Structures are given as C-alpha cells and as structure tokens.
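Reviewing the structure listed below.
Naming convention: chains lettered A, B, ... in sequence-line order (proteins, then strands); numbering from 1 in each chain. A quick note: this is a predicted structure, and the numbers were derived from the prediction, not measured.
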Amino acid sequence: MIRSTLRRVTPQLIILALILALNMVMFPGFFHVEVHNGRLFGNLIDVLNRGAPVALLSVGMTLVIATRGIDLSVGAVMAISGAVAASVITGGASWIVAVLAALGAGALCGLWNGVLVAVLRIQPIVATLVLMVAGRGIAQLLTEGAILTFNDPGLVRLGGGTILSLPTPIWIWIGVAALVGLVVRRSALGLLIEATGINERSARLAGINARVLLIAVYLVAGLCAALAGVVVAADIRGADANNAGLWMELDAILAVVIGGTSLLGGRFSITASLLGALIIQSVNSAILMSGMAVEFNLVIKAVIIITILVIQSPRVRHWIYLLRASSGPGPMPRQPASRTPKIEEGRP
Amino acid sequence: MKHSMKLPLYITVATFVLAYAACVAQYPNMLSSRVIANLLTDNAFLGITAVGMTFVILSGGIDLSVGSVIAFTGVFLAVVLRDTSLHPLSAFALALLIATVFGAAMGATIHYLEMPPFIVTLAGMFLMRGLAYVLSTESVPIDHAFYGWLQSLYWQAPGGGRFRITGLLLLVTFGVAMVVLHRTRLGRNVYALGGSAQTAQLMGVPCARTTIAIYAISGGLAGLAGIVFSLYTSAGYSLATVGTELDAIAAVVIGGTLLSGGSGFVAGTFFGIMIMGLIQTYIVFDGSLSSWWTKIVIGGLLFTFIMLQKGLAWLTTARIPRANGSTARS
Amino acid sequence: MQSDPKPVLHATGISKFFPGVIALDDVELQLYPGEVHALLGENGAGKSTLIKCLTGAYPRDAGVIMLDGAEINPKDPLSSQAAGIGTVYQEVNLLSNLSVAENLFLGRQPRRFGMIDQRRMLRDSKDILAQYGLSIDPAQLLSSYSIAIQQIVAIARAVELSGKVLILDEPTASLDREEVELMFSVIRRLTARGLAVVFITHFLDQVLAICDRATILRNGCVVGTRKLAEVTQTEIVTLMLGRQLEAATHHHERRETGDVLLSLRGFGKRGAIEPFDLDIHTGEVVGMAGLLGSGRTETCNAIFGAQPADQGEARLRGSPLRISTPREAIRNRIALCPEDRKTEGIVGDLSVRENIILSLQARQGWYRPLPRAKIEEIAQSYVKALDIRLANLDTPIRLLSGGNQQKALLARWLATEPQLLILDEPTRGIDVGAHAEIIALIERLRTQGMALLVASSEMEELVAYSTKIVVLRDRRQVGALTGDDISPNAIIRAIAAEEEPRA
Amino acid sequence: ENETVGFSQIGSESGWRAAETSVTKADAKERGITLKFADAQQKQENQIKALRGFIAQGVDAILLAPVVATGWDEVLGEAKDADIPVVLLDRKVDASDDLYLTAVTSDTVHEGTVAGDWLKDAVGDAQCNVVELQGTTGASVTIDRKKGFADAIASADNITIVRSQTGDFTRAQGKIVMESFIKAEGGGSDICALYAHNDDMALGAIQAIKEAGLKPGEDIKIVSIDSVPDMHLAISKGEANATVELTPDMAGPAFDALEAYWADGTQPEKWIQTDSTLFTQDDDNEAAYENKKALGY
Ligand SMILES: Nc1ncnc2c1ncn2[C@@H]1O[C@H](COP(=O)(O)OP(=O)(O)OP(=O)(O)O)[C@@H](O)[C@H]1O
Ligand SMILES: Nc1ncnc2c1ncn2[C@@H]1O[C@H](COP(=O)(O)OP(=O)(O)OP(=O)(O)O)[C@@H](O)[C@H]1O
Ligand SMILES: [Mg+2]
Ligand SMILES: [Mg+2]
C-alpha cells in the first residue's frame with residue numbers, strides 16, 4: 001500500500017525536491033528552522049503553513065475531479081464559511097459553535113452543488129459557476145462588505161496558533177487529508193468513486209448509487225472549503241468576504257492536476273494532490289523570496305507551472321519511458337495513438 | 001426531430017425575447033435605440049470572444065486564456081503605439097498574429113502532448129496576464145488620430161443610440177462564424193471532434209490540424225476582441241477583462257451549446273451574449289441592488305436560465321421515445 | 001480471381017507490441033483484387049489490431065505494407081483513406097451528433113464555391129443509402145436511428161471510401177439476416193469491380209457464404225491462410241482454437257423446471273414496451289427472440305429497473321416487487337449483463353479484478369469493503385472458470401479483447417450469486433470457442449437452479465439453451481414457444497407472422 | 001426636486017470601498033436624492049455599460065468612481081451630449097476636463113508623500129531599511145502611492161526600500177508577504193519600517209510581525225494609508241505608527257457641487273481635493289475609531 005503510493009507520487013516528490021532546491025539557491029537560509037517563542041519558525045514551515053488552504057481545498061477537489069467533475073465554487077465557499085464563522089463569533093457564541101456553523105454552511109453549499117450536478121444533471125463547470133458568482137455575494141451580505149474582525153482566542157488559534165510548536169493549520173490539513181484518505185481507501189468508497197468517474201452509466205448499472213456518491217463528493221469539497229475558509233479567517237482574525245479564497249479554486253485544480261489526477265475522472269491520489277499543493281506553495285514562496293520586481297510574478301509562476309505540466313504530460317512521460325526502454329533489451333513497446341478524449345460529462 | 005437539434009437555440013431566442021419584453025414592461029426606456037445600440041457596442045468584445053469560445057466548446061475543449069489575451073493585446077497595442085511609429089493597422093495585424101500563434105501553440109500542446117485543455121489554457125491565462133504586466137503595469141492611454149477616426153464612425157439612430165463600427169464587427173464575426181461552422185469542412189470537423197475525438201480520428205478527421213486551428217481561431221478572436229476593447233477604452237490595461245473567460249463560457253452555455261461538445265449553434269451564443277447584456281442593463285436600470293445583491297442576482301439569473309433550458313429541453317424530449325443510448329461512443 | 005498473381009495489398013512482418021502484450025507477431029496478409037478475405041481468430045487474437053495497424057490508426061512496430069506494389073506508410077486513418085482503403089472499425093464508429101449525411105460524407109463533403117453543398121450531399125446520401133434498401137431521411141441526426149441502421153451507414157461510408165480495399169471489422173454483429181443479405185449483395189457487387197474485401201466475423205456460416213480465402217490468427221500469429229473451398233468448418237475452428245471443439249449439440253432433454261421465481265402481469269413501459277405477462281421459473285432459461293428494435297433490450301432494462309416499468313405488477317417468489325433502480329434489482333438478486341458492453345458494462349480504466357467484484361462491492365455497501373484475500377479469490381476463480389485470457393488481473397479491462405470483456409462482465413454478475421440472471425445478447429462479438437463456453441455455462445447455471453432470461457438474435461443459440469422462448473415484435477410480445485415447439489423455423493415463423501414491411 | 005443620480009461604483013473589493021458606498025447612499029438619502037447604484041465588479045467595461053445605462057434612463061447626474069484612469073473619453077462625451085453632468089469620485093481620469101463637472105478626489109501621490117515625510121521625521125538620521133507592501137499590481141493607486149513615497153524618501157540617503165512585493169490590498173496577502181519579508185531580512189531584525197499601500201495589508205503584516213516575536217510599532221515602524229477604524233485601534237494600542245486618511249465621504253462635496261449646479265448652473269472647481277490627514281500615535285485614535293466604525297468599513 002505504502003510502496004505503491006510512493007511509486008505513484010515519485011514524480012511529484014522529485015518536482016517538489018527540485019523546486020525546494022531552487023528556493024535554496026534563491027535564498028540559502030531556506031531550510032533553516034528554529035524555535036521562536038515556542039513556535040517553529042522558518043521558510044519550510046511557512047510553505048507547509050501557507051499551503052494549508054490550497055491543500056485543504058485539493059483534498060475535496062481531488063474527489064470531485066475523480067468523478068469527472070470540477071468545483072469552481074470552493075473559493076466563494078471559503079468566503080461564506082469565513083463570514084459565517086466571524087458573524088457567529090461576534091454574535092457571542094463560542095468558537096466551537098462558530099466552526100460548526102461554518103462547516104454547516106460549507107456542507108450546505110456542497111449539497112447545493114451536488115444536487116445540481118447529480119440530480120438536476122447540470123454540467124459541473126456551469127453548476128458550480130453559479131455558486132462561484134453568487135457565493136461571494138452571499139458572503140458579503142453577511143459581512144456587509146466590511147472585514148468582520150474577531151479576537152476569540154479559540155478561533156484565532158485555528159489560524160495563527162500552534163500545537164506542539166507547529167502551526168495549527170498544518171495539523172488541520174494533515175489531519176483532514178489523513179482522515180479523508182483513510183476513509184476513502186480503507187472503505188470501498190475510493191473504488192466506487194473511481195468507477196463512477198470512469199463510466200457513470202456502467203457504474204449505475206453495476207448497482208453503484210452514483211447520485212448519492214456525487215452529492216457526497218461535492219459535500220466533502222464544500223466541507224474542506226469551509227475549513228479552509230475558517231483557517232484563512234482565523235489567520236487574519238477577520239472574515240474578508242471580498243478577498244478570501246479569491247481565485248483559489250484555480251490553484252486547487254492546478255494542485256490536483258499537478259498531482260497527476262486526470263480531469264477526465266478516474267484514478268486519483270490525495271497524497272499526490274497534497275504534494276501538488278505544496279509544489280504550488282513552494283513556487284509562490286520562491287517568487288516572494290527572490291525579491292524580483294512584482295511585474296514578473298505571474299510570468300515566473302506560469303513558466304514554472306507550464307514546465308511542470310509538460311514534464312508530466314502523458315506524451316512526454318511516454319517519451320521518457322521509451323528512452324529508458326530503448327536502453328534496455330527487448331522490443332520497444334509502444335502505446336496506441338489514442339488521443340485524449342475531451343471532457344465528456346454525464347451524457348444522457 | 002430536426003427541430004430537436006435546433007431546439008436549444010429556439011429556447012434561447014424565446015428566453016431572450018420574453019426577458020426583454022418583461023424588462024420593457026417595467027422600464028419602457030429599455031426599448032430605446034440607445035439601449036439596443038449599447039447592447040451591441042458594450043458586448044462587442046465579449047461577443048467576439050464568445051464566438052471563439054463556441055468553436056472551442058463545440059470541439060469539446062475549453063479556453064480559459066481569452067481574458068488574459070484580450071488584456072495582453074490591449075497593452076501590447078498601447079505600448080507599441082506609444083513607443084513606435086507603427087500605424088495602428090500594422091499594430092492590429094501584429095497583435096492578431098501574436099494572439100493567433102499563441103492560440104495555435106496551445107492547440108498544439110493540447111494535441112501533441114495529450115494534455116487537457118483546461119490546464120493548458122489555464123497556464124496560458126497566467127502567462128498572458130503575466131506578459132501584460134511585464135509590458136506595462138500602468139494603464140497606457142492610446143491617443144492616435146486613427147483611433148479617433150474609428151471611434152467617430154457610427155450611425156446615430158433616432159433616439160440617440162449610436163451604432164458603432166465595433167457592433168458591426170460583432171455581427172460580421174458571428175456571420176462568418178456561422179458560415180465557417182456550418183458550411184465548411186473545418187466547421188464540420190469541429191463538431192466531429194466534439195462528438196468524439198477518437199471516432200473522429202478513425203473517420204479520418206485531421207485531428208491535429210483541426211485542434212490547432214480551433215485554438216488558433218479562439219486565440220485570434222480573443223486578439224480581435226482585444227483590439228475592439230482597446231477601441232472601446234482607448235487604452236491598454238493589464239488588469240482589464242479579468243474573468244472574461246467565465247462570462248464567455250456562461251454566454252456560450254446559455255446559448256444552448258453543450259459543454260461536453262458536439263452540439264450547439266453559434267447563433268445561440270449571440271443570444272446568450274444578449275441575455276447576459278440584458279441582465280446587466282436591467283440591474284443598472286433597477287439601480288437598487290447593493291454590490292453583494294448584484295452578485296447574488298447574477299448568479300441566480302444564471303441558474304434560472306440554465307434551469308429554464310433544462311426544463312424546456314426535458315419537456316420536449318420527454319415526448320420523443322428515448323434513444324437507447326447504445327450508439328457506440330468511447 | 002486468384003489467377004491474378006499480383007496482390008492489391010500485401011502486408012508482411014507486421015508486429016505490434018502493447019505494454020505486456022505482443023498483439024501481433026510478424027503477421028503477413030495478402031489480398032487479391034476481387035476476393036473476399038476472411039480474417040479469423042479467437043477474441044484477442046489480434047484481428048482488430050492488425051486492421052488498425054494496416055490503416056494507421058495504431059503506429060505499427062514493424063512491418064511493410066505494399067499497396068498495388070508500392071510501399072505505403074499510413075500514419076493515420078486519413079492517409080489510408082486517401083490511399084483507397086475504406087474501413088469499418090469494430091463497434092460502430094460514427095458520430096451520433098452529426099446527421100446521417102454528414103457521417104457519410106465527413107471529410108469529403110461536396111463543395112460549391114468552397115462551401116459545403118448541402119443539397120447535393122443530401123441527394124447523394126439518399127442515393128447511396130437506397131442501395132442498401134434504406135429510405136431514411138439523411139438530414140436527421142444519426143443517433144435518431146437504431147444501431148443496425150447506424151451500422152449500415154458505417155458500411156456505406158467505408159464502401160464509398162474504398163477505391164481498392166474495403167475492410168469490415170465485425171460489421172454484422174448487430175444486423176439481422178435480411179440486412180446481412182443486403183450487405184453481401186453490396187460486397188459481391190464491389191468484388192465484381194475488382195475490389196478486395198477483408199471481412200472479420202465470428203459467424204462461420206457467413207464466412208462460408210461469402211468469403212474466398214481466410215487468414216487465421218492465433219495469439220497474434222498467422223497460423224494459416226486457406227482457400228475456403230478446400231477446408232471444412234471444423235478444420236477452421238481447430239486452426240483458430242488450436243484444439244478441437246466439441247460439436248455444439250442441441251441436447252434437449254426437457255427437464256422439469258422449478259417454482260415460479262418472477263411473475264410479471266401486465267408489465268410494461270409506455271412508449272417502450274406494451275404490457276405483457278411472463279413467468280420465469282427457477283431452473284429455466286427463457287429466451288427472447290425478435291428482430292432488431294423489437295424491444296428485447298427494453299424488456300430486459302425494465303425488469304432490471306434501468307428503465308423502470310410504469311405499468312403492471314411483478315412478483316418475486318409470490319411477493320410483490322417494485323424495481324425502479326438497478327440497485328433494487330441487485331438487492332433482490334437480479335442481475336443484468338447489458339447489451340452494450342463498452343458504455344453500459346465495463347468500467348474501462350479499472351482493473352479486471354475490480355470490474356469483477358464491482359457489483360458485489362456495490363451491493364455490500366461502501367463501508368464494508370471486501371477483504372483483499374476474498375477479492376483475489378473471487379477474481380481468480382472466475383478467471384479460471386470462464387477462461388478469461390489476460391496478462392494479469394491488474395490489466396485495465398478496456399485492454400481486453402471483446403470476448404474476454406464479456407466474460408469478465410459475466411463474472412461480475414455471477415459473483416453476486418443472482419437468482420435471476422438477465423443476459424442481453426451475451427454472445428455478440430464472441431468467438432466460436434467462447435460462444436460454446438457461454439452456451440455451456442448457461443446450461444450449467446440452469447441446472448444449478450438459476451433462472452435466466454436471455455435476449456439474443458441468434459436463433460440456433462436460443463434454441464440450444466432455452467426452455468421457453470418468447471417472441472417480440474414492435475415492442476410487443478407476439479408469441480411464446482415451449483417444449484418441442486422450439487426450433488429456429490418456429491421462431492422465424494412467429495416473427496414473420498403478419499409482418500408489415502419495414503420502413 | 002427629487003433628482004435621480006446614477007452612481008457607478010467599482011465594486012466592493014475593500015472595507016474602504018464599502019464605506020464609501022454606504023456613506024454615499026446615506027448622504028443621498030439625507031438630501032432626498034434618488035440614487036441608482038451600479039456595482040461594476042472591478043470591471044471597466046461594466047462601468048461603461050452602467051454609464052450608458054444611466055444615460056439611456058436620463059438621470060440628472062452621474063457619479064463615477066473610475067476603476068482606471070484611461071478610456072473614458074467616449075462615454076463621457078456621450079454624457080455631455082446628453083447634458084448629464086458627471087462627477088468623478090476618488091480618482092481622476094485621463095480625459096479633457098470639459099467632459100466632467102468636477103472631480104472629488106484625494107491626491108494619491110500626495111498620500112504616499114505624506115507617509116514618506118512622516119517616516120523621514122520619525123527615523124531622523126538613523127539608517128532605515130524599509131519594506132513595502134504594494135497594492136494590486138497595475139492599479140493606479142498602487143503606482144501613485146509607490147511614487148509619492150519614493151519621491152519623499154528620495155532625499156534621505158539613510159532610508160532605502162529593501163523589499164517591495166504586492167500584497168493585493170488584502171489582509172491575508174499582507175500577512176503572508178510580510179512573513180516572507182521577515183524571513184528574508186534576517187528574521188526581521190534588519191527591517192526598520194514597513195510602508196503599506198493600504199491599512200488592510202498593514203493590519204495583516206502586524207500579525208505576522210507579532211507571530212515572529214517582534215513588536216510592531218516599535219521594532220518595526222508601520223505607516224500606511226486609508227485610516228480604516230481597525231488601523232486606528234492598532235495605532236492606539238501602539239502596534240502601528242501612522243496612517244494617512246482617505247475619506248470615504250467623497251459624495252458630500254460631490255452632491256454639494258451638483259446641487260449648486262442644478263440650482264443655477266454654478267460651475268464648481270475642476271478638482272475638489274479632499275484632505276490627506278496624517279494620524280499618528282499623538283492623535284486621539286480611539287475617538288477616530290468610534291467615529292468611523294459605524295460607517296460601514
Ligand atoms: N490499446 C491496447 N493496449 C494494450 N493491449 C491491447 C490494446 N488493444 C488491444 N490489446 C490487446 O491486444 C490483443 C489483440 O486485441 P484485438 O482487439 O486485436 O483482438 P481481436 O482479434 O480483434 O478480438 P475480438 O474478436 O474480440 O475483437 C488482445 O490481447 C488485447 O488485450
Ligand atoms: N439508439 C436508438 N435511438 C432511437 N431509438 C432506438 C435506439 N435504439 C433502439 N431504439 C428503438 O427502441 C425500440 C426497442 O429497441 P431495443 O434495443 O429494445 O430492441 P431489441 O429488440 O433489443 O433490439 P437489439 O437487437 O438492437 O437489441 C426500437 O423500436 C428501436 O427502434
Ligand atoms: Mg476485434
Ligand atoms: Mg437489444
């Protein structure tokens with residue numbers, strides 16, 4: 001199990017190592033970690049800590065993408081859940097209630113997406129686009145466009161606190177990923193999700209309750225987004241409905257794709273998506289540490305990401321495979337010239 | 001059953017007419033020539049982008065880079081016209097060339113590296129926006145006599161509406177696209193690719209050429225939209241048209257084209273654009289929505305239109321005996 | 001015709017490797033003008049792969065292709081089309097989102113002033129289809145016609161494209177007799193014009209009826225090329241299988257069947273099947289016969305809840321039953337092996353092992369995963385019992401040949417230990433060996449007390465295993481045969497009785 | 001009476017913007033003016049659409065808070081042809097000034113200069129490494145505030161900007177970028193001051209500084225722009241040093257000018273400049289906080 005996972009994520013590990021090495025070149029003290037008033041302090045910790053929102057999102061997004069879907073609304077859901085948590089806590093409730101309320105809001109959003117996709121059979125991009133557009137409005141409605149600040153120590157600890165010297169967000173995303181990963185892989189859910197993503201019609205006829213499964217998957221994505229929203233709000237001690245999670249859905253999708261899960265659904269790996277999230281965060285951190293003029297941020301990011309994606313593309317991987325194979329004995333195996341089929345969602 | 005093919009188109013047109021009638025009932029001013037002219041002019045760049053997006057979506061792909069390409073083209077034009085003595089027409093040609101080549105490069109990447117369009121064009125979106133920043137972060141005004149002349153070309157209708165050259169360009173683009181999609185082999189190959197890429201390949205559709213052409217068209221039209229946008233604002237601004245790709249996709253989908261590809265009409269996209277424009281005009285006329293309610297209402301209307309289409313499509317297909325679905329597809 | 005010594009197409013040394021599989025090994029194929037050449041072999045022997053290598057749909061790993069004495073090197077289907085090779089690939093490969101006419105003319109539409117000449121295209125399409133006895137409206141979407149019609153359109157398209165060679169990969173799998181005859185007459189017309197035709201099928205009677213020579217493949221190698229006039233059917237089968245096949249005897253000791261398992265009264269679905277009555281007993285095989293589009297598939301789907309019935313009642317062992325989803329059917333231990341393997345059966349990217357246990361797992365619920373050892377045991381035992389050929393159990397099922405996919409699907413359903421097993425065209429596209437095995441399997445399951453409902457287009461096969469046969473026409477049950485009444489002729493008579501002419 | 005005024009707002013990307021919207025609405029209500037509000041979601045094309053929509057409706061005046069300075073000539077020309085006066089809010093445009101009635105704005109370059117001058121005073125002759133949190137890349141405010149500050153410190157050789165990155169005008173980004181500044185500059189010990197293009201980023205950065213174990217306001221001096229209520233709170237707690245006010249009440253002067261114009265055609269000055277008041281720890285920040293907190297920030 002662990003060995004096969006390791007084999008699966010080797011490319012991502014190599015890329016992560018390369019990017020971290022790049023960081024090291026850019027900033028020699030990059031790997032330096034020290035304890036600063038009871039808190040681990042260093043760039044590496046920052047990568048793990050700052051990667052938390054995208055890592056959390058990518059857990060849910062991986063499952064959604066495995067079913068051949070996509071969830072564009074997670075950024076907006078982050079804003080909603082942050083706003084809910086903030087308004088509950090400023091209303092005087094305890095932080096636990098606030099977190100539960102935020103999770104409830106996230107679940108509701110996920111449910112809405114799930115129903116649109118699974119019951120009303122709207123294509124996922126469009127279905128989640130609705131909430132992406134409207135969701136931020138809902139969040140702003142809650143905060144009335146202002147940043148709703150709070151100081152509740154319990155809630156703040158979720159973003160800025162530490163447990164055993166390690167920032168709480170790191171614990172949260174590792175915990176959530178482990179939980180979801182375990183549930184999915186130790187039960188038959190993973191198999192059923194993959195079957196649904198590969199061929200929903202066959203899956204239904206084989207007795208899989210695809211409808212419930214789809215709803216569940218969007219629900220998980222909503223919950224993960226809600227948690228990410230709480231972490232981000234707790235981090236700045238305020239719900240910034242205008243900006244929280246803005247465009248973060250794209251980073252989450254990117255993380256999943258860098259993790260090697262196909263946008264056409266099917267086989268997925270949560271571990272690989274998490275590595276994808278860390279890769280993205282390391283790129284961001286490299287840009288910040290480089291001290292380069294801001295105009296170049298996006299170009300650098302684009303070039304690095306394009307390079308990663310090209311290296312990971314099926315065709316280039318195949319060339320690498322061929323190179324390796326041709327150095328060994330035996331005939332040179334080849335793959336059939338099948339083109340990647342297009343995104344083809346839930347045909348009637 | 002012939003009508004069942006065009007049904008989504010009719011539904012979109014009917015939706016538009018109904019919605020417009022409802023708006024006029026509430027605000028009679030919305031029937032004025034100004035509003036109609038504005039619908040054309042204000043949506044010209046989005047409409048032209050959406051035409052390209054229709055090609056892409058019909059082929060089963062998606063192009064997220066268009067917003068950035070528009071911004072890049074605008075900045076490029078502004079910088080070139082500011083820093084060189086190139087005539088705007090040559091600058092236009094250059095910009096179109098860059099945008100088309102960029103689109104073609106994305107198409108080639110998608111085809112030859114077998115990468116999903118969503119990701120390739122997402123990377124393209126970052127890259128183009130980034131390049132726009134590199135050219136200039138500041139908004140660069142364009143002050144050229146030729147621009148002034150182009151902007152002065154309009155027909156003032158009774159009632160004050162100005163029908164501009166960009167609106168005409170929008171209509172021409174739609175006309176040409178219709179002919180290309182329905183009356184040329186390339187156009188039919190686009191539909192074939194959207195039906196099933198694998199089958200299309202087995203049937204002898206030149207997949208490589210077609211895919212590259214599709215993204216080149218989308219890129220080129222985004223470039224054209226960039227030119228229109230620069231005429232519209234007389235400036236190039238690297239932060240312009242963020243999220244335009246989503247507007248274009250929404251317009252295409254509202255226009256009745258299936259995101260899964262292979263089915264839809266570019267004429268539907270036109271009405272999709274008009275519907276989106278109508279929504280915005282209505283919100284402005286209403287003038288009582290706060291910032292957040294604006295977002296919620298736009299999302300809600302998007303949802304309503306999708307459901308309306310679903311409902312009408314369901315009503316009309318429920319009566320036709322259901323196809324067995326056993327047509328082989330990959 | 002073999003007197004002409006120059007082959008129109010000569011392929012030598014064709015080899016093709018897939019990861020872990022040698023699909024073709026040094027294959028040679030010679031086609032002479034004017035001949036119909038059968039390409040025979042078991043499922044997975046490499047027939048389709050050979051075709052795809054010849055037409056450039058797959059890049060080949062070795063080999064030379066000579067067309068009319070000149071070497072060609074097609075790198076995609078387009079270039080082989082241009083060279084005059086028309087192909088119908090296995091499974092209908094047409095575009096259901098385009099009209100019939102566009103499917104016929106895709107890539108070579110008639111043009112006027114650079115624009116597609118729609119009117120001429122429609123007119124020409126009508127003419128072409130008329131040669132096949134079809135008078136359908138070519139402006140309609142392809143998907144609005146039945147699979148059989150689509151298949152004919154595919155053949156017509158390939159014929160139009162073939163200047164020199166026409167390749168047909170299992171074109172008759174979903175055609176009935178009349179249409180096969182029509183197709184044969186078209187083929188004869190073409191060969192008379194000097195075209196060479198490659199014909200792949202698992203129906204040996206069709207091979208004997210139309211083909212002149214046959215090349216037989218086994219495990220990717222050519223085991224022989226024979227003139228069909230000089231060999232017997234048994235010899236061919238022995239060459240294909242590498243062993244003798246026991247004669248498929250129609251042993252019909254009519255045994256007593258058990259209790260009524262499923263009883264349908266006034267069962268039907270508006271717009272799909274008219275209400276009918278049917279009793280299925282344990283230990284009984286009910287065959288369903290009928291022409292294409294007679295409603296067999298829809299009957300199966302209705303009972304399984306895939307397209308739930310909306311009238312009538314069903315009783316399972318006497319107690320009322322309402323099935324509105326496949327899940328409910330599975331919970332009541334009813335299983336359906338669907339007609340269309342590719343889109344309704346297999347989950348292509350999952351391994352064979354996962355495909356086999358999928359339904360069992362789905363029934364158990366996601367929170368009770370099958371233990372690894374159990375999965376392994378189930379998968380292994382069915383692979384052995386059904387003789388599924390594969391490299392290993394981790395192979396994605398889509399890489400298996402059609403026949404082996406079908407067997408894996410059977411395994412999926414057998415693993416759920418159903419009391420009623422519905423098989424929709426279980427032998428479509430299956431080689432003679434597997435065909436016999438599946439018939440034997442049906443017989444075995446029956447004697448174990450399972451109830452089976454089998455829809456099939458092959459009369460002989462139905463006669464071989466059915467204890468009762470219901471005949472459908474126009475979505476209506478028009479007759480039932482039991483006991484000694486069961487014979488191919490009786491079925492044909494029942495179908496043909498007061499048959500109206502086809503549209 | 002009862003005039004109708006169309007207000008094309010950029011969006012609701014920040015607390016300050018929300019405050020400007022709510023102040024404008026309240027102001028209009030008080031004066032009995034019907035306000036037609038259109039939110040452009042940060043897009044110029046939506047603003048142009050809104051303006052054209054207002055013109056088509058025949059409003060009595062238009063308030064425009066332009067998202068970018070360029071590209072307004074044409075639509076302003078249309079408004080002029082339709083005899084509808086346009087007042088620009090909080091940002092000027094690159095267009096001939098006869099196309100609009102007046103502009104009520106602060107001087108954004110000047111804001112940066114005020115911040116820079118304060119820093120010069122505060123550090124005196126000591127060597128000072130400044131880190132800068134820029135606003136959204138490409139926004140004209142970003143460019144102006146960067147320029148104004150740079151101009152102000154140009155004369156002081158002891159003050160240098162060592163790092164400058166964008167924090168997108170948001171708290172979250174402000175905090176993240178500040179974290180990396182601290183790591184990159186020797187754990188923060190090499191940083192003497194932070195200049196943030198808006199208060200939100202500064203407030204995010206304050207948290208980053210605290211988490212790094214440093215004292216904001218003392219170890220690292222903090223100056224920023226906007227003077228949102230939370231910033232006053234921070235200053236009063238000594239966690240920040242100064243903020244330059246950008247008043248959200250641009251509409252007040254605008255309505256004054258419009259009412260005069262409607263009454264007798266009085267032409268106001270072409271530029272009504274709002275004050276860029278500096279608040280430091282010496283001012284009564286608690287009072288400022290109380291004043292502002294109900295304004296919808
Ligand atoms: N794309 C592929 N990748 C790997 N293996 C493949 C692929 N396609 C086919 N194979 C394997 O190659 C062999 C030959 O398959 P092929 O489809 O040519 O058989 P066939 O003779 O046409 O069988 P059938 O009669 O069932 O159609 C099989 O073992 C199959 O599993
Ligand atoms: N793809 C399709 N599109 C439209 N109608 C179809 C399609 N497939 C089948 N039908 C119609 O549905 C009815 C029943 O078809 P069904 O497939 O159940 O018949 P069948 O007897 O099982 O035939 P087959 O031998 O093809 O399985 C027929 O009238 C047929 O015309
Ligand atoms: Mg085959
Ligand atoms: Mg059938």
*Minimum heavy-atom distance R185(B)-Q109(C), with the two atoms named*: NH2-O, 2.5 Å
*asked:* Treating R188(B) as the side-chain partner and E102(C) as the backbone partner, does any N or O pair qualify as donor plus acceptor under 3.5 Å?
replied: no
*What distance do L202(B) atom CG and K52(C) atom NZ have between them, rounded to the nearest 0.5 Å?*
6.0 Å
*Donor-acceptor pair, side chain of N97(C) and main chain of G262(B), under 3.5 angstrom*: yes
*How far apart are the closest heavy atoms of S196(B) and L95(C), and which atoms are they?*
N-CD2, 3.6 Å
*Go through the atoms of D137(C) and report whether side chain, backbone, both or neither lie under 4.5 Å from a heavy atom of chain B.*
neither
*asked:* Taking 4.5 Å as the heavy-atom cut-off, does anything in residues 215-223 of chain B contact chain C, and if so which residues?
replied: none
*Within the distance-only criterion (no hydrogens, no angle test), does the side chain of Q201(B) pair as donor or acceptor with the backbone N or O of P77(C) below 3.5 angstrom?*
no
*If every non-hydrogen atom of I116(C) is compared with every non-hydrogen atom of H182(B), which pair is closest and at what distance?*
CD1-O, 4.4 Å
_Restricting to non-hydrogen atoms, name the atom on L78(C) and the atom on G204(B) that form the minimum distance, rounded to 0.1 Å._
CD1-O, 2.8 Å
_Spacing of OG1 belonging to T87(C) relative to CE belonging to M203(B), to within rounding of 0.5 Å_ = 11.5 Å
*Drop me the distance from Q198(B)'s CD to Y89(C)'s OH, to the nearest 0.5 angstrom.*
12.0 Å
_Keeping R183(B) on the side-chain end and M115(C) on the backbone end, is there a donor-acceptor pair under 3.5 Å?_
no
